[in-house]
Each structure stands twice: as C-alpha cells, then as structure tokens.
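Worksheet for the structure shown next.
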There are 2 protein chains.
Amino acid sequence: MRLVIAKCTVDYAGRLAAHLPSAVRLVIVKADGSVSIHADDRAYKPLNWMSPPCSLKEADGVWTVTNKAGEKLIITLEDVHHDSSHELGVDPGLIKDGVEAHLQELLAEQPHWCGEGFRLVRREWPTDIGPVDLMCRDEQDAWIAVEIKRIGTIEAVEQLSRYLERIRQDPAKADCRGVLAATIVKPQARVLAESRGLTWVEVDLAVLRGEREPALTLFL
Amino acid sequence: MRLVIAKCTVDYAGRLAAHLPSAVRLVIVKADGSVSIHADDRAYKPLNWMSPPCSLKEADGVWTVTNKAGEKLIITLEDVHHDSSHELGVDPGLIKDGVEAHLQELLAEQPHWCGEGFRLVRREWPTDIGPVDLMCRDEQDAWIAVEIKRIGTIEAVEQLSRYLERIRQDPAKADCRGVLAATIVKPQARVLAESRGLTWVEVDLAVLRGEREPALTLFL
DNA sequence: ATCTATATTTCGAGG
DNA sequence: CCTCGAAGTATAGAT
C-alpha cells in the first residue's frame, strides 16, 4: 500500500465526467492496483476512485489509471508532501453478525412472528426465478410465502409479488398468501403491499433473540 | 488527517456486530473525527468505519470511537509501523456532469425527444408511491408518464409500471401511456417494456445539450 | 461473464 | 427531522 499526501487535481472520465480542483489530498494505491483519493472528511466515501482490476501508469507527476471498460482517472500531482509504502499482507476479513441471513435464521425457528399459527414448511423454497425465504402453512393448512428483509422497501414487495405469481401457478397453491417480514417496513412499501393484498409485519430482532420481552400491547 | 499503519484488531458494535482478527491495516483519522480502517485491496469500501460526527478516545493502544447513536468502534493496536499527521485544509469538492438530474432537466425543456408532439404538464408528478419524472400530453391531449434514467434497466420498467398502475386509477387518466427515456436502454428492459405495452426511447445527452446534431436516421 | 440481491450502504433533495 | 431515490453505487454470490 502506497500513501501519498499531495496537492493535486483529478479528472475522471467514464460513467460520468468529474473534476477535482487543486487541493491537498490523500491518494491511496493498494496492492490490487486500485486507487482512491480522500479529502480530510467523511470516513466512508472517497472523492474519486478506480476499482480493481485497473492499471496505473506514472509519468512526470501525472498518474493515469485505466480499467477494462475504458474508464480513466487522471491524477496530476503538483506538490508531494508525503510518500510512503507499506507491506500489509492479505487481510483475514470481516466477521459479521446481525445481517439479513441471521434474521432469516431466527424467523425460520420462530415463524409465528410472521403470522399467527404459522409453521415452517421449508426455508429457501425454490421457484423458477429463485427461492422464497420461507414457505409456511397456517392452522387451516393454507400456504404462505414469506419474504424477509432487514428494511422492507417497495423493491421487496415487487420481489414477493414475482414469487407469488410463480407459486400460484401450482393449482394446489393458487391461494398462497404473501407476507413481507422486516425490522422496518417503509410507508410506501406498506401501501403497495396492501394494495396487492399482501401482508406486512415488523419484527423486533431483540425479541427474536430473546433479549427483550415482546411489546405489552400484545397482551392487551 | 492522521495515517496509522498498524497490526490491530477491530470490533464494531452498532447496527450489527463485526470483528476483524489481528492483521496489519491502514487506519485513517480525518479532521472531522471520522475513522476508517482499510485493507490492502478494494479502493472504495473500508473494512470498518465510523461516520462523523463521532468522538475518538485513545488510551493505552486502545482507540474507542463512539457516536450519538451509541455505535461503538474499538481498535486495539498491537504493533504500530507508521504514524503521521498531515494538514489538508477544506476540499473544494467534486464537480460532476452527466447525472440523472441533468438529464431530467434537459428533457423537461425538450420533451419532444421523449415522443412526437409531447408537451410538459409538470415535472415530478406526484402519486401516492412517489413522483413520476415527467407528466406530458401529446397533440391529441392524451396523457403520457415519462420515467427518466441514465441507464434504463428492468428496474426502471418496473418503477414506471408501478406509477402507471396508480395513475390509471384516475378515470381521466385510465389510458395514460408510459415512456422510459434513458441514454442507454438495456436489451432486457426493452423486451419487458414492450411486453407491457410501454415505449422506450434512447436520448443523446450531447444532442440534448445542443452539442451535436441529431442522428441522420431521423431525416430518412 | 452476467445477473441478482445486499449494504453498518452513503449522499442529497424535498416535504 | 424523516423519507425516499440515486450512486461512477460497491461487493459478494449464484448461474
């Protein structure tokens, strides 16, 4: 990894055109050849970058970074304050906990949070356009397809609709219902779901984990 | 901006829980207090980060970064290879050209590129699931909803379909047509649009800007 | 190689 | 302040 602090201008030509006027910035060149340019604020997003795979040519204070798609990043160095290189090695990578996969696991164990009397038939129920997260049946043995999301958006309603369209082609499941289960269901997703005759439900991750009692309103 | 190359472990507890095993990484502390941790690959995304505003406490090789929401990032330094600070100043920021907003502006001024005889009724026509980019009428006063995208994908067709579903609930607009306008319309989007009775049109940014003559084929 | 779905998405605009 | 849509989204996984 090479770190350069320098006064520079940057031009990007590719999916759009962008220009950075002259200023002091951090330029990072990583072992995979990727390049990013950072200002002294915002942790996450670089001002400009070129994702790997790409190649860097250095000539006379002008760095030209190109990729296969013909995108081009031109960094013109005017004044180099710092330039150092470091050996980092391969990173063992991030271990995550609490993402959608985890939510699906918990709801598969406790499908009643998706609807009263629901029992799990199987996780990742296959359709010809991909698997539905959960397939359940209720106390009347009626079928229910459940789509699970961390955030329930319009897009999730569309996805569930597409699955149901397929599932209902089987006469035995022509009345299959659909439920969108998410920790947050956006207002517009609620409207769209209801207008399509789908149900939505917000689930509490802490309750699923048994870390918190269900809301009191359930016992009223 | 402070740059530290160090062997470290990192723990994040917030929207999810995440852990980084011991390895050599770059830690960036920016002037706004934000912190990011980078591996030696992937230009864009840090392994871990804390967005501003947040505060950093340093004690005995353990950095604790916290924000208002109670999220916490704990960096345990085991071996510091490099540690330097640099004065960067405020960045003048990125100048972009060619994004969707620009395209919508130009098409609002010249709606005839979306279809013959189109005239603009209003930009951002509201529906209960969000605004349609352009609402137009043609020479027969028929309604047309226009969805504008830089790249026209299946997703754009879905979006336009949802809007039309809403708009057509008004009997006065039951026959409202739909047009997808984009600089590039993907083959799959063309097929889907046509199968739904929607029109698609590719528009040329340079022509809209008056920088280039329309293609000769228009005059055949 | 292409498509699909996720993301601690971030970021910005508009109500 | 929230909500929503765009992003050069990036990135990982499946086909």
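Naming: A, B, ... by sequence-line order, numbering from 1 per chain. FYI, side chains are in, hydrogens and waters are out, and symmetry mates aren't considered; it's all heavy atoms of this structure. Source: prediction; values computed, not measured.
- Residue A/L47 contributes atom CG, which lies 15 Å from atom P of D/dA10 at whole-angstrom precision.
- Taking atom CD1 on B/I184 and atom C1' on D/dG8, their separation rounds to 12 Å, with Å as the unit.
- Of the N and O atoms on the side chains of B/T66 and B/E71, not one donor lies less than 3.5 Å from an acceptor on the other residue.
- For the pair B/E100 and B/D41, nearest-nucleotide mapping onto DNA chain D gives the more 5' position to B/E100.
- Of the candidate nucleotides C/dT8, C/dT6, D/dA6, D/dA6 has the atom nearest to the side chain of B/E147.
- Residue pairs meeting the side-chain hydrogen bond (donor to acceptor under 3.5 Å, both in side chains) criterion with at least one member in residues 35-51 of chain A, sequence neighbours excluded, are A/H38-B/K30.
- Formation of a donor-acceptor pair under 3.5 Å by the A/R123 side chain with backbone atoms of A/A108 is not found in this model.
- In this structure, the CD1 atom of B/I148 is 12 Å from the P atom of D/dA7, given to the nearest Å.
- Residues satisfying the side chain to side chain donor-acceptor pair (under 3.5 Å) criterion with A/S161, sequence neighbours excluded, are A/R196.
- Separating the CD atom of A/E158 from the P atom of C/dT6 is a distance of 14 Å, rounded to the nearest angstrom.
- You'll find the side chain of A/V4 reaches within 4.5 Å of the side chain of A/V80, heavy atoms only.
- Counting non-hydrogen atoms under 4.0 angstrom, B/M50 reaches nothing in the nucleic acid.
- Considering only the side chain of A/V99, C/dT8 comes nearest among D/dG8, C/dT8, D/dA6.
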Trace of the side chain to side chain donor-acceptor pair (under 3.5 Å) decision for A/Y163 with A/E147
CA-CA 9 Å; A/Y163 289 138; A/E147 178 64 31; 4.9 Å; no
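- Within the nucleic acid shown, B/L94 has no heavy atom closer than 4.0 Å to any nucleic acid atom.
- Listed for the B/D133 side chain is a donor-acceptor partner under 3.5 Å among the backbone atoms of B/I148.
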Base-contact (B) and sugar-phosphate-only (S) positions in nucleotides 10-15 of chain C, heavy-atom cut-off under 4.0 Å, - elsewhere
SS----
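- Neither side chain, B/T183 nor B/E202, offers a donor N or O lying under 3.5 Å from an acceptor on the other.
- The nearest heavy atom of DNA chain C to B/E71 and to A/R162 marks one nucleotide each, and the one closer to the 5' end goes with A/R162.
- Counting heavy atoms from C-beta outward, A/W63 and A/L56 have side chains that approach closer than 4.5 Å.
- Taking atom P on both D/dG8 and C/dT4, the two are 22 Å apart, rounded to the nearest angstrom.
- Here the P atom of nucleotide C/dT8 and the CG atom of A/L205 are 14 Å apart, to the nearest Å.
- For the pair B/I154 CD1 and C/dT4 C1', the interatomic distance rounds to 11 Å; values are reported in whole Å.
- Residues B/R166 and A/S195 bring a donor and an acceptor atom of their side chains to less than 3.5 Å of each other.
- If you take CG of A/D133 and P of C/dT6, they are 8 Å apart, rounded to a whole angstrom.
- Taking all atoms of both residues into account, the shortest heavy-atom contact from B/P52 to B/D32 is CG-OD2, 3.2 Å.
- With sequence neighbours excluded, no residue satisfies side chain to side chain donor-acceptor pair (under 3.5 Å) with A/Q169.
- The stretch residues 20-36 of chain A does not touch DNA chain D, since none of its heavy atoms comes less than 4.0 Å from the strand.
- Across the protein-nucleic acid pair, A/Q104 atom CD and C/dA5 atom P stand 14 Å apart, rounded to whole Å.
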Taking only N/O atoms, report every protein-nucleotides 2-4 of chain D pair under 3.5 Å with atom names and distance.
residue : atom : partner : partner atom : Å
D/dC4   : OP1  : A/Q188  : N            : 3.4

